[in-house]
Amino acid sequence: MASGGCGAVLPLWYVCFLVLGLAQFGAGQRIPTTLDGPFTPRTVEFDSSLRRGSVDLLPTDPRVAKTVVGDAPEQIALALSTPDAMWVSWVTGDAQIGSQVTPLDPSTVGSTVRYGLAPGVYTFESPPGTSLVYSQLYNFPGLRNYTSGIIHHVRLTGLQPNTRYYFQCGDAATDTFSAEHSFTTLPLPSPSAYPARIAIVGDLGLTHNSSTTLDHIIQNDPSLLLMIGDLSYANQYLTTGESAPCYSCAFPDSPTRETYQPHWDDWGRFMQPLISKVPMMVIEGNHEIEPQAGGKSFVAYESRFSVPSQESGSNSKLYYSFDAGGIHFVMLGGYVDYNMTGAQYAWLARDLESVDRSVTPWLVALWHPPWYNSYSSHYREFECMRLEMEELLYSYKVNIVFSGHVHAYERTNQVYNYTLNPCGPVYVTVGDGGNIEEVDVAHADDSGLCPGPGDNVPEYGGVCRSNFTFGPAVGKFCWDRQPDWSAFRESSFGHGVLEVVNSSHALWTWHRNQDMYKEAVGDQIYIVRQPDGCPYSSMKNYRDRKLPVGPEYQQHT
């Protein structure tokens with residue numbers, strides 16, 4: 001007979017699972033689990049009564065307008081470092097844009113956080129942090145250059161788990177500090193402790209749709225936010241500030257992909273109400289590349305955001321890992337070398353080998369461009385990355401993969417190498433945050449919509465275009481029906497929430513923007529870990545290609 005709390009033993013877990021499922025959906029209904037799969041593919045077509053997109057918020061909108069003066073902090077943001085440490089970042093001073101810009105001197109403003117366990121009582125003060133400015137420069141006449149305000153990064157250490165801290169950030173020398181904010185630390189790595197709710201969204205942007213998404217996330221009261229690339233869409237603008245849903249269509253004569261950096265400042269203010277109290281972990285997307293003079297790229301992304309790259313042994317902010325309770329998150333870069341011979345792959349192999357699944361049972365990976373995607377947009381665009389990395393991730397039994405890039409929602413059955421496999425991850429595309437480029441509605445399996453050889457060429461990496469050599473799509477580049485690995489897809493804006501209940505079950509919920517929040521869900525499922533049936537690999541048998549392979553699902557006809 002079961003005894004103890006949820007997660008103590010498996011039979012009790014199932015009892016807890018049933019209670020949770022019934023409470024969520026009401027008597028007589030049960031939230032499905034991946035053990036019920038594989039599921040027959042299902043498509044919800046775009047609701048034609050909705051608009052496919054919306055325009056960006058104006059710089060004068062109260063959600064993005066600057067409200068501080070002088071060296072008062074703004075754009076305050078949190079990020080996880082190690083389980084007992086937190087990054088605090090903010091911006092001071094005024095950015096400049098024009099043909100000639102003069103960078104501010106970071107040494108003129110201090111970087112300090114004072115904090116404590118009660119409102120207004122700041123028992124602790126951080127050591128001085130770091131500060132910097134960055135510029136976005138062009139060599140073409142008529143384009144405007146940009147230099148940022150002073151960006152500050154401070155690392156708070158020695159924090160207690162599950163504890164609320166109150167803080168102010170600013171300059172101790174001049175006693176110029178922000179208003180008080182607070183955050184609650186996450187539980188330490190443990191198989192029985194998890195963040196309450198993890199909000200996950202990609203391709204957010206700064207439109208009115210983005211506002212609805214952010215409002216819904218805030219109402220959900222997450223303890224952690226994961227942002228899967230394409231954050232502000234500053235590069236959807238000319239340097240004059242003129243924007244367009246299709247950059248290449250509207251600005252075919254642009255000498256380079258311009259970027260309007262003040263949009264980053266607007267986005268930082270837009271996000272502050274959430275990320276000044278909830279840590280946000282980011283990974284780069286293609287809209288963060290932002291090339292400029294001197295062959296530089298990703299300058300705004302790397303300057304504005306603190307990520308635990310050094311803490312996780314990475315030499316790049318474009319890929320890193322971190323723990324949140326009993327979850328180990330791996331953030332991978334699709335726009336930096338991902339080949340087996342490269343630094344990212346070597347780091348990933350070391351990182352996966354170091355994970356102790358008895359401490360962090362859940363292994364979740366995130367990167368921007370999806371590998372499993374049945375929409376025409378970006379269909380099989382990053383096949384090269386999949387061919388390089390999928391076997392390594394499968395061998396270590398990654399449980400869930402989240403991606404963005406495609407502006408729609410899709411959840412797969414468990415899959416490996418395009419084959420249904422109960423030991424493969426569930427892949428979720430949630431690039432539907434609300435950006436200016438509009439929602440994607442066309443599927444690669446729709447008649448006449450299979451991408452051609454010149455379509456879906458990635459901004460980085462090679463093109464690995466080939467027809468399938470096995471399965472229902474053998475001899476074809478596209479399926480002629482929704483693929484059997486695609487369990488559910490819908491063209492709507494929204495966001496998702498991951499709630500890990502214990503070491504074997506996690507509830508995934510996708511919320512649509514058009515729904516009254518919490519009155520309905522667009523998609524919901526319990527993802528179940530099966531470590532006994534899907535044992536982990538090690539670097540030795542991975543190198544020897546002696547991979548444990550679980551029995552495949554029975555194929556749907």
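Along the sequence shown, residues are numbered consecutively beginning with 1.
Atom CD1 of Ile76 and atom CZ of Arg269 lie 12.0 Å apart (nearest 0.5 Å). Between Ile200 atom CD1 and Leu366 atom CG the span is 6.0 Å, to the nearest 0.5 Å. Atom NE2 of residue His328 and atom CG of residue Asn399 lie 12.0 Å apart, to the nearest 0.5 angstrom. The structure places OG1 of Thr157 at 10.5 Å from CZ of Phe124, a figure rounded to the nearest 0.5 Å. One finds the CG atom of Leu80 at 11.5 Å from the CE atom of Met280 (value rounded to the nearest 0.5 Å). Ser306 OG to Met86 CE: the interatomic distance, rounded to the nearest 0.5 Å, is 12.0 Å.
A donor-acceptor contact shorter than 3.5 Å is absent between the side chain of Ser303 and the backbone of Ala300. Of the possible donor and acceptor atoms, one in the side chain of Thr185 sits under 3.5 Å from a partner among the backbone N and O of Asn162. Side-chain atoms of Glu288 come within 3.5 Å of backbone atoms of Gly285 as a donor-acceptor pair (strictly under, hydrogens ignored). Judged by distance alone, with hydrogens and angles left aside, the side-chain atoms of Gln292 form a donor-acceptor pair with the main-chain N or O of Leu137 at under 3.5 Å. Distance alone, capped at 3.5 Å, places no donor-acceptor pair between the Asp323 side chain and the Leu188 backbone. Looking at Arg512, its side chain never comes within 3.5 Å of a backbone N or O of Gly522 through a donor-acceptor pair. A donor-acceptor contact shorter than 3.5 Å is absent between the side chain of Arg197 and the backbone of Glu499. Trp267 contributes a side-chain N or O that, together with a main-chain N or O of Leu231, makes up a donor-acceptor pair within less than 3.5 Å. Judged by distance alone, the side chain of Asn435 and the main-chain N or O of Leu204 form no donor-acceptor pair under 3.5 Å. Looking at Gln261, its side chain never comes within 3.5 Å of a backbone N or O of Ser148 through a donor-acceptor pair.
Using a 3.5 Å distance cut-off with no hydrogens or angles, the side chains of Ser89 and His153 do pair a donor with an acceptor. Side-chain atoms of Tyr320 and Asp351 form no donor-acceptor pair, as typed in the model, at a separation below 3.5 Å. Judged by distance alone, the side chains of Trp264 and Gln136 never bring a donor and an acceptor atom under 3.5 Å apart. Side-chain contact annotation: Ser377 with His407, donor-acceptor N/O pair under 3.5 Å absent. Counting only N and O atoms by type, the side chains of Asn513 and Thr213 include a donor and acceptor under 3.5 Å apart. Residues Arg257 and Gln236 bring a donor and an acceptor atom of their side chains to less than 3.5 Å of each other.
Remark: Glu180 CD is packed, more than 12 non-hydrogen atoms of other residues, nucleotides or ligands lying under 6.0 Å away.
Residues that satisfy the salt bridge (charged side-chain N to carboxylate O under 4.0 Å, His left out) test with Lys66, not counting sequence neighbours, are Asp94. Among residues two or more places apart in sequence or in another chain, the side-chain hydrogen bond (donor to acceptor under 3.5 Å, both in side chains) test is passed with Ser492 by Glu490, Gln514. Residues passing the side-chain contact (heavy atoms from CB on, under 4.5 Å) test with Thr207 are Ser54, Asp56, Asn209, Ser210, Ile436, sequence neighbours excluded.
With respect to the salt-bridge test (charged N to carboxylate O, under 4.0 angstrom), the residues Asp455 and Arg380 do not qualify. With respect to Arg155 and Glu311, a salt bridge is recorded, a charged nitrogen being found less than 4.0 Å from a carboxylate O. Lys277 has no carboxylate O lying under 4.0 Å from a charged side-chain N of Asp221, or vice versa, which leaves the two without a salt bridge.
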Between Asp215 and Arg63, is the salt bridge (Lys or Arg N to Asp or Glu O under 4.0 Å) condition met? List the steps. CA-CA 11 Å; Asp215 287 344; Arg63 299 186 70 149; 3.1 Å; yes
Leu393 vs Leu363, test: side chain to side chain contact (heavy atoms under 4.5 Å, CB included). Steps then yes/no. CA-CA 10 Å; Leu393 295 177; Leu363 183 52; over 6 Å; no
Run the side chain to side chain contact (heavy atoms under 4.5 Å, CB included) check on Thr67 and Glu74 step by step: do they pass? CA-CA 8 Å; Thr67 58; Glu74 62 155 0; over 6 Å; no
Run the side chain to side chain contact (heavy atoms under 4.5 Å, CB included) test on Tyr396 and Val355 for me, step by step, so that the C-alpha distance in whole Å, both residues' side-chain angles and the decisive distance to 0.1 Å come before the verdict. CA-CA 9 Å; Tyr396 281 95; Val355 176; over 6 Å; no
Stepwise side chain to side chain contact (heavy atoms under 4.5 Å, CB included) check, Tyr233 with Asp203: CA-CA 8 Å; Tyr233 285 79; Asp203 304 71; 3.0 Å; yes
Begin from the C-alpha positions of Arg386 and Glu383 and carry the test salt bridge (Lys or Arg N to Asp or Glu O under 4.0 Å) through to its verdict. CA-CA 5 Å; Arg386 185 191 72 82; Glu383 185 73 354; 2.7 Å; yes
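Asp105 and Ile150 make their closest contact through O-CD1, 3.5 Å (heavy atoms, listed as atom of the first residue, atom of the second, distance). For the residue pair Pro127 and Val154, the shortest heavy atom distance occurs at O-CG1, 4.3 Å. Between Ser491 and Ala408, the closest heavy-atom pair is CA-CB, 4.1 Å. The two residues Thr429 and Gly404 come nearest to each other via the heavy atoms CG2-O, 3.7 Å. Nearest approach of Tyr338 to Glu388, heavy atoms of both residues: O-CB, 3.7 Å. Nearest heavy-atom pair across His263 and Ser232 is CD2-O, 2.9 Å.
For Tyr335 and Phe382, the ring centers sit closer than 6.0 Å to each other. For Trp508 and Phe402, the gap between ring centers is short of 6.0 Å. Aromatic ring centroids of His405 and His378 lie under 6.0 Å apart.
Taking the side chain as every heavy atom from C-beta outward, Ile327 and Pro195 approach each other to under 4.5 Å. No side-chain heavy atom of Val330 sits under 4.5 Å from any side-chain heavy atom of Tyr319. For the pair Trp90/Val113, a side-chain contact is recorded, criterion being any heavy-atom separation below 4.5 Å from C-beta on. Here the side chains of Ile151 and Tyr134 are in contact, with some heavy-atom distance below 4.5 Å. Within the 4.5 Å cutoff, side-chain heavy atoms of Glu242 are placed close to those of Phe251. Ile283 has its side chain out of reach of Phe329: every pair of non-hydrogen atoms, C-beta onward, lies at least 4.5 Å apart. Glu410 places none of its side-chain heavy atoms less than 4.5 Å from the side chain of Tyr427. Counting only heavy atoms from C-beta outward, the side chains of Val201 and Leu225 approach each other to under 4.5 Å.
Tyr301 and Phe298 have perpendicular rings, their planes meeting at more than 60° on a 0 to 90° scale where under 30° would count as parallel.
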